[in-house]
Student: 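Below is a structure I'd like to ask you about.
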Amino acid sequence: GANSDGQLGSLGGRGTATPVPVLVRPATRFAAAGAAAPAALRESFADGNWTSGPAWSTDSASELRLAIVDSALDLTRASARGQVAGAGITIPVRIPVTRATQIQFDVMVRQGGMLCGLNCANYPAVVRLRVRNSDLTESEVWYAYGDRGGQNHSFGGVVIVARGDLTAGTWLREQRFTVRDALPRADTIVQVSLGGIGAEFSARFDNIQLPVPVAATLNVTPDSVRIIAATPKTRLRATVRETSGAEMPNVRVAWSSSDTLVVRVDSSGGLTPIRNGWAMIRARAGALGDSALVSVQRAPVRPGRRVGRRPS
C-alpha cells in the first residue's frame, strides 16, 4: 500500500501526549445472515450529490457544511463550540477483504483549525474504514491527513495511518492503501466514512474506489487420490484465488461426485468410499470449476472381476 511518511496523530505539540477523540460510530447497518451480496464502492460525486447512487448519510454533523464543488465533496466545519468529535458522511458496505484489498481516493486539506491542547486533536481529512475481523471483533483504520505535523498512532481497536505534511489547497491523487497492512485480521469492510476531526477544518474528497475481490481461479488438490483399506480419512482441498493471486477462503465451494455408489463427498471435500471403482470429484464456485480423480480399492479384486470404468 501507500507509504505514510508524514507525522500526524499526536497533535498537542512536541512532548505532549494528546488523546485522540474517537469518531462517533453510528450503528452499522449490516447483518451476516441474509445480508446483501458484496458490492464495490465507487464514488466520484459527478452526479452532484452524496445521498443517492450510492447513498451516504451524515455522521455527527454538528456545524457541518457539505457541498459538491468541482465534482468533489467539500466538507467544512467552523465554530463548532468545542465539538472535536468526528464529523462527515458515512455509508454501510459489505466488502470481503483479502491480502490484496486496497482502497484508493483523492484528498485535499483546504484548511486545518488551530491546534487544541489536552483531550483535543485536529485531522482536517480522514477516510475511515470499519471492519469485522476474522475473530468477529471490529476494528477501524483511519487514513488521516493534515498540514500541521503529527505521527502514526493506534489505540484500542483503531489504527491511524497518517500524513501530516500536506500543503493546504493541493490535491493528493490516487492515494492507495492495502487494508491488511494496518488491520491484518480484517475479514469484511462494513462501513466507510469521509470527514475530519476538530472544531474547525475544511477538506475535499473524490474518486473513492473500494473494489470487491473477484474469483479468478479454482484449484483442487490433490488432483488424484487412491483409497485403499488402510487409507485414513481423505479430504480434498479447493483453493479459490482472485485476479491478484490472493486466496479467497470465504468463497463457497459446491462439491459433487460422478458416482456416489463408489465415493461420496461432503460439503468440505471429505471423501467417503463406498465400493471399489472410479469416480470424478468436482468442485464449483460460480463459473469456476476443477476436479480430482478418485480410485477406491478397499477390498481385494477377484481375478477376472472388473473394478469399473475409469471416468473420462
Student: Taking atom CD of Q297 and atom CH2 of W278, what is their separation to the nearest 0.5 Å?
Tutor: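 Reported value, rounded in 0.5 Å steps: 9.0 Å.
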Student: Parallel, tilted or perpendicular, judged at 30° and 60°: which one describes the rings of Y145 and F177?
Tutor: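 The rings of Y145 and F177 stand perpendicular, inter-plane angle above 60°.
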Student: Under the 3.5 angstrom rule, does the side chain of T188 hit a backbone N or O of V190 as a donor-acceptor pair?
Tutor: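 No, because the side chain of T188 does not come within donor-acceptor range (under 3.5 Å) of the backbone of V190.
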Student: Find out whether Y143 and V107 are in side-chain contact, i.e. whether some heavy atom of one side chain is under 4.5 Å from a heavy atom of the other.
Tutor: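 Not in contact.
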Student: Test your reading of the model: is there a side-chain donor-acceptor pair from S291 to the backbone of M280, 3.5 Å cut-off?
Tutor: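 Absent.
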Student: Are D74 and T76 linked by a side-chain donor-acceptor pair shorter than 3.5 Å?
Tutor: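 A donor-acceptor contact under 3.5 Å links the two side chains.
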Student: Taking the side chain as every heavy atom from C-beta outward, state whether R185 and L183 have any pair of such atoms under 4.5 Å apart.
Tutor: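 A side-chain contact under 4.5 Å is absent here.
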Student: Under 4.5 Å between any side-chain heavy atoms of R42 and P211, yes or no?
Tutor: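 They are in contact (side-chain heavy atoms under 4.5 Å apart), so the answer is yes.
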Student: S139 and N133: side chain to side chain donor-acceptor pair (under 3.5 Å), yes or no, with the steps?
Tutor: CA-CA 7 Å; S139 301; N133 297 311; 2.9 Å; yes
Student: Does P249 offer a backbone N or O that forms a donor-acceptor pair with the side chain of E247 under 3.5 Å?
Tutor: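 Answer holds: no.
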Student: Side-chain donor-acceptor pair under 3.5 Å between S268 and R235, yes or no?
Tutor: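 Yes.
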Student: Does T178 use its side chain to pair, donor to acceptor, with the backbone of R180 at less than 3.5 Å?
Tutor: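 Flag not set: sc T178 to bb R180 has no pair under 3.5 Å.
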Student: Taking R163 for its side chain and L166 for its backbone only, find out whether a donor-acceptor pair lies under 3.5 Å.
Tutor: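 No, the answer is negative, given that no donor and acceptor are paired below the 3.5 Å cut-off.
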Student: Would you call R176 and F105 a side-chain contact if the rule is heavy atoms closer than 4.5 Å?
Tutor: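 No, every pair of side-chain atoms sits at 4.5 Å or beyond.
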Student: Determine whether Q102 and Q209 make a side-chain contact, defined as any pair of heavy atoms from C-beta on separated by less than 4.5 Å.
Tutor: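 No, their side chains stay 4.5 Å or more apart.
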Student: Atom CD1 in I160, atom OG in S154: separation rounded to 0.5 Å?
Tutor: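 If I round to the nearest 0.5 Å, the distance is 8.0 Å.
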Student: What do the steps show when you test F45 against I208 for side chain to side chain contact (heavy atoms under 4.5 Å, CB included), and what is the final call?
Tutor: CA-CA 9 Å; F45 301 105; I208 294 90; 3.8 Å; yes
Student: Test side chain to side chain contact (heavy atoms under 4.5 Å, CB included) on R128 and V141 and set out the steps.
Tutor: CA-CA 6 Å; R128 173 169 59 102; V141 55; over 6 Å; no
Student: Given 3.5 Å as the limit, does a donor-acceptor pair link the side chain of S57 with the main chain of A55, or not?
Tutor: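 Checked: no pair found.
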Student: Starting from V294, can I reach I274 by hopping between I/L/V/M/F/W/Y residues whose side chains sit under 4.5 Å apart?
Tutor: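 No, I274 does not connect to V294 through the hydrophobic network.
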Student: Could you grab the distance from atom CG of L288 to atom OG1 of T217, nearest 0.5 Å is fine?
Tutor: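 With rounding to 0.5 Å, CG (L288) is 7.0 Å from OG1 (T217).
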Student: Would you say the side chains of R237 and T239 form a donor-acceptor pair under 3.5 Å?
Tutor: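 Short answer, yes.
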Student: Heavy-atom distance under 4.5 Å between the side chains of I281 and L236, does that happen here?
Tutor: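 Yes, side chains in contact.
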Student: Would you check, one step at a time, whether the test side chain to side chain contact (heavy atoms under 4.5 Å, CB included) holds for I197 with W142?
Tutor: CA-CA 11 Å; I197 296 176; W142 301 358; 3.5 Å; yes
Student: Grab the two heavy atoms, one from D206 and one from S44, that are nearest each other, plus how far apart they are.
Tutor: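 In this case the closest contact between D206 and S44 is OD1-O, 2.7 Å.
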Student: Check for me, please, whether M108 and V126 land in the same ILVMFWY cluster - side-chain distances under 4.5 Å, paths through other members count.
Tutor: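 No, separate clusters.
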Student: Between D290 and V220 (side chain of the first, backbone of the second, donor and acceptor by atom type, cut-off under 3.5 Å), is there such a pair?
Tutor: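 Checked: pair present.
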Student: Over all heavy atoms of both residues, which pair between V263 and A279 is shortest? Give the atoms and the distance, please.
Tutor: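 Looking at all heavy atoms of both residues, the shortest contact is CG1-CB, 3.4 Å.
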Student: Flag yes if more than 12 heavy atoms outside D135 fall under 6.0 Å of its CG atom; otherwise flag no.
Tutor: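 Yes, enclosed.
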Student: Strictly distance-based, threshold 3.5 Å: is any side-chain N or O of K233 a donor or acceptor partner for the main-chain N or O of G270?
Tutor: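 No; judged by distance alone, with no hydrogens or angles, the pair does not exist.
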Student: Using the rule side chain to side chain donor-acceptor pair (under 3.5 Å), only one of Q191, R130, R132 pairs with E138; which is it?
Tutor: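 Running side chain to side chain donor-acceptor pair (under 3.5 Å) over Q191, R130, R132 with E138 returns exactly one hit, R130.
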Student: Between the side chains of W50 and E43, is a donor N or O closer than 3.5 angstrom to an acceptor N or O?
Tutor: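 No, no side-chain donor-acceptor contact under 3.5 Å.
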Student: On a heavy-atom basis, which atom in N152 and which in A162 lie closest, and how many Å separate them?
Tutor: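 Closest approach of N152 to A162: OD1-N, 2.8 Å.
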Student: Are any of the side-chain heavy atoms of V214 and E242 separated by less than 4.5 Å?
Tutor: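 Not touching, per the 4.5 Å side-chain cut-off.
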Student: To the nearest 0.5 Å, what is the distance between CZ on R264 and OG on S257?
Tutor: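 Reported value, rounded in 0.5 Å steps: 9.5 Å.
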Student: Indicate if L261 and I227 have the same hydrophobic cluster label, given that clusters are the connected sets of ILVMFWY residues with side-chain heavy-atom separations under 4.5 angstrom.
Tutor: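 In one cluster: no.
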Student: Check step by step if side chain to side chain donor-acceptor pair (under 3.5 Å) holds for N207 and D106.
Tutor: CA-CA 6 Å; N207 297 319; D106 300 341; 2.6 Å; yes
Student: Using side-chain heavy atoms (C-beta onward) and a distance below 4.5 Å, is V192 in contact with L41?
Tutor: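 A side-chain contact exists here, since the closest heavy-atom pair is under 4.5 Å.
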Student: To check you understand the geometry: which heavy-atom pair defines the closest contact between S134 and D187, and what is its length?
Tutor: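 Taking every non-hydrogen atom into account, N-CB, 3.8 Å.
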Student: Between V127 and L194, is the side chain to side chain contact (heavy atoms under 4.5 Å, CB included) condition met? List the steps.
Tutor: CA-CA 5 Å; V127 176; L194 309 175; 3.9 Å; yes
Student: What are the two closest non-hydrogen atoms of G48 and I68, and how far apart are they?
Tutor: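 Result for this residue pair: O-CG1, 3.3 Å.
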Student: Could you report the tightest heavy-atom contact between G195 and L75, atom names first, then the distance?
Tutor: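 Smallest interatomic distance, heavy atoms only, reads CA-CD1, 3.7 Å.
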Student: Just verifying a value: how many Å separate Q175 CD and Q104 CD, rounded to the nearest 0.5 Å?
Tutor: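 Going from CD on Q175 over to CD on Q104, the span is 9.0 Å.
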